[in-house]
Trainee: 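What follows is a single structure, and I will ask about it in a moment.
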Amino acid sequence: MTEVIAHFTQSDQDRFRPTRFAQSHWGEDHLNGPAVVGLAAQALENAFGLPEFLPARLTVDLFRAARGVETITKVALVRDGRRVRNSECEVVQDGVTVARATLVQYRRSEAPRGEEWVPVSEFEAPADMDIPPADRMPYMGSDERGWSRAIADHQNASRKRFVNRTLTVVEGRVNSPFVRTAVAAEGTSLVTNLGTRGVGYINGDLTVALSRLPRDEWIGVQADSHWTSEGIAVGSATLFDGAGAFGTGLVTAVSNPAAQIDFANDPFPDRSAPR
């Protein structure tokens, strides 16, 4: 039997079953952030996405660890305005909401007159990124080590970046540009919180803000800021495609040293996180 290479299989219209690819490094029965974020993004876009609107901001609050059990999505349209659409999605397991996502969409229109300040942002992707055989394994990079395919190579204190060709969220459904971005942007937690001893912060949310949708399959995430105090961390990153920067990722996180992930001594070496 051919193995399903996706985070979830679909059992009903709004019911999904996690696969091993949705498993997290935080625990044997925990789901990873990209899987949960991707499922919520896909549910919202499928229910309420319109071609004349841009999904400009997705915020996902991760209330508690999602587990490897049947997962339900519940969506609702909050506001259907002429220029702004707001919607919500609850991710539910065993009757408990484990995550809640809000999506803000803006109607596309003409830009205002005049010129504006734009920061200079550069992102140099791996040279061999599109050389066959292409696969879904991400690239990790840091100022200290350059690019490689192993996260453990970058357990250092330098600036980090990540390039991902995202895994399919739900079997049989092609990831849209928006869903690909949401999944890849969850790497904001990795590029900002990865230190010399691995990742010791677990993010409780993700916000993805977009000026446009990506034009490439590969999406880059590069750390911009990382501020910590009293076991609380805030990190931001810029999102890139081949045409340049197009969005921002933001996470807040809380210290979790008891379950710190040391990728050099990974108990789950067959999982690439985030996927």
Side-chain angles (χ1 to χ4, degrees), residues 1-49 55 58-76 87-103 135-138 162 164-190 202-206 208 213-214 217-219 221 249 251 261 268 270-275:
M1 181 180 293
T2 303
E3 183 178 22
V4 173
I5 303 179
H7 289 303
F8 295 91
T9 59
Q10 188 168 5
S11 54
D12 201 350
Q13 181 176 354
D14 57 0
R15 295 176 181 270
F16 306 87
R17 178 69 60 174
T19 73
R20 74 176 184 90
F21 294 101
Q23 292 176 340
S24 168
H25 291 254
W26 288 109
E28 184 63 39
D29 192 38
H30 290 197
L31 302 190
N32 62 54
V36 177
V37 167
L39 186 65
Q42 190 168 85
L44 286 166
E45 184 178 44
N46 287 346
F48 306 118
L58 173 72
T59 297
V60 185
D61 290 309
L62 304 167
F63 296 147
R64 57 188 300 169
R67 306 282 179 170
V69 299
E70 184 180 64
T71 304
I72 299 172
T73 57
K74 297 180 178 180
V75 297
S87 53
E88 293 181 343
C89 173
E90 289 188 45
V91 180
V92 180
Q93 294 185 328
D94 293 332
V96 176
T97 299
V98 298
R100 177 178 288 122
T102 58
L103 176 63
D135 58 36
R136 298 280 161 179
M137 283 289 291
F162 183 77
N164 199 2
R165 177 187 277 146
T166 57
L167 193 71
T168 299
V169 174
V170 177
E171 180 193 19
R173 292 188 185 179
V174 176
N175 290 350
S176 70
F178 171 60
V179 172
R180 290 203 314 272
T181 303
V183 173
E186 218 276 340
T188 299
S189 180
L190 180 66
I202 185 166
N203 58 305
D205 58 29
L206 168 70
V208 187
L213 292 174
E217 188 174 23
W218 286 99
I219 295 173
V221 182
V251 295
I261 303 171
F268 311 117
D270 62 330
R271 304 179 198 170
S272 130
R275 297 189 78 125

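A quick note: this is a predicted structure, and the numbers were derived from the prediction, not measured. For reference, positions follow the sequence shown, starting with 1.
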Trainee: Using 0.5 Å steps for rounding, measure from the CD atom of Gln93 to the CZ atom of Arg64.
Mentor: 9.0 Å

Trainee: What residue among Leu206, Val221, Val208 forms side chain to side chain contact (heavy atoms under 4.5 Å, CB included) with Glu186?
Mentor: Leu206

Trainee: Taking the side chain from His30 and the backbone from His25, do they hold a donor-acceptor pair closer than 3.5 Å?
Mentor: no

Trainee: What residues, two or more places apart in sequence or in another chain, satisfy salt bridge (Lys or Arg N to Asp or Glu O under 4.0 Å) together with Glu90?
Mentor: Arg100

Trainee: Keeping the roles fixed (side chain from Asp61, backbone from Thr102), state whether a donor-acceptor pair exists under 3.5 Å.
Mentor: no

Trainee: Between Asp205 and Val60, is there a donor-acceptor pair closer than 3.5 Å when you use the side chain of the first and the backbone of the second?
Mentor: no

Trainee: Identify the heavy atoms of Ser11 and Glu70 that sit nearest to each other, and give their distance.
Mentor: OG-OE2, 3.8 Å

Trainee: What residues form a side-chain contact (heavy atoms from CB on, under 4.5 Å) with Ile72, not counting sequence neighbours?
Mentor: Asp14, Arg15, Lys74, Val92

Trainee: Is the shortest heavy-atom distance from the side chain of Leu167 to the side chain of Val183 under 4.5 Å?
Mentor: no

Trainee: Which residues pass the side-chain hydrogen bond (donor to acceptor under 3.5 Å, both in side chains) test with Gln10, sequence neighbours left out?
Mentor: Arg173

Trainee: Quickly, which of Thr188, Leu190, Leu62 forms a side chain to side chain contact (heavy atoms under 4.5 Å, CB included) with Asn203? Name it, please.
Mentor: Leu62

Trainee: Could you pull out the closest heavy-atom pair between Val37 and Ala182, with the gap in Å?
Mentor: CG1-O, 3.5 Å

Trainee: Does any N or O in the side chain of Asn175 come within less than 3.5 Å of the main-chain N or O of Val169, such that one atom is a donor and the other an acceptor?
Mentor: yes

Trainee: Go through Val91 and Phe16 one step at a time and tell me if the side-chain contact (heavy atoms from CB on, under 4.5 Å) criterion holds.
Mentor: CA-CA 10 Å; Val91 180; Phe16 306 87; over 6 Å; no

Trainee: Looking at every non-hydrogen atom in both residues, tell me the closest pair between Ala66 and Val36 and how far apart they are.
Mentor: CB-CG2, 3.9 Å

Trainee: When you compare the side chain of Ile219 with that of Thr181, does any pair of heavy atoms fall below 4.5 Å?
Mentor: yes

Trainee: Are Trp26 and Ile202 side-chain neighbours, meaning at least one heavy-atom pair lies under 4.5 Å?
Mentor: yes

Trainee: Which pair of non-hydrogen atoms, one from Thr166 and one from Ala184, has the smallest distance, and what is that distance?
Mentor: CG2-N, 3.8 Å

Trainee: Main chain of Pro138, side chain of Asn164: is a donor-acceptor contact present, judged purely on distance under 3.5 Å?
Mentor: no

Trainee: Would the distance check show the side chain of Thr19 and the main-chain N or O of Ala6 forming a donor-acceptor pair, the cut-off being under 3.5 Å?
Mentor: yes

Trainee: With side chains defined as the heavy atoms from C-beta onward, is the minimum distance between Thr71 and His7 less than 4.5 Å?
Mentor: no

Trainee: Atom CD in Glu171, atom CZ in Phe8: separation rounded to 0.5 Å?
Mentor: 13.0 Å

Trainee: Can you measure from SG (Cys89) to CG (Leu103) and round to the nearest 0.5 angstrom?
Mentor: 10.0 Å

Trainee: Any non-hydrogen side-chain atom of Leu58 less than 4.5 Å from a side-chain atom of Leu44?
Mentor: yes

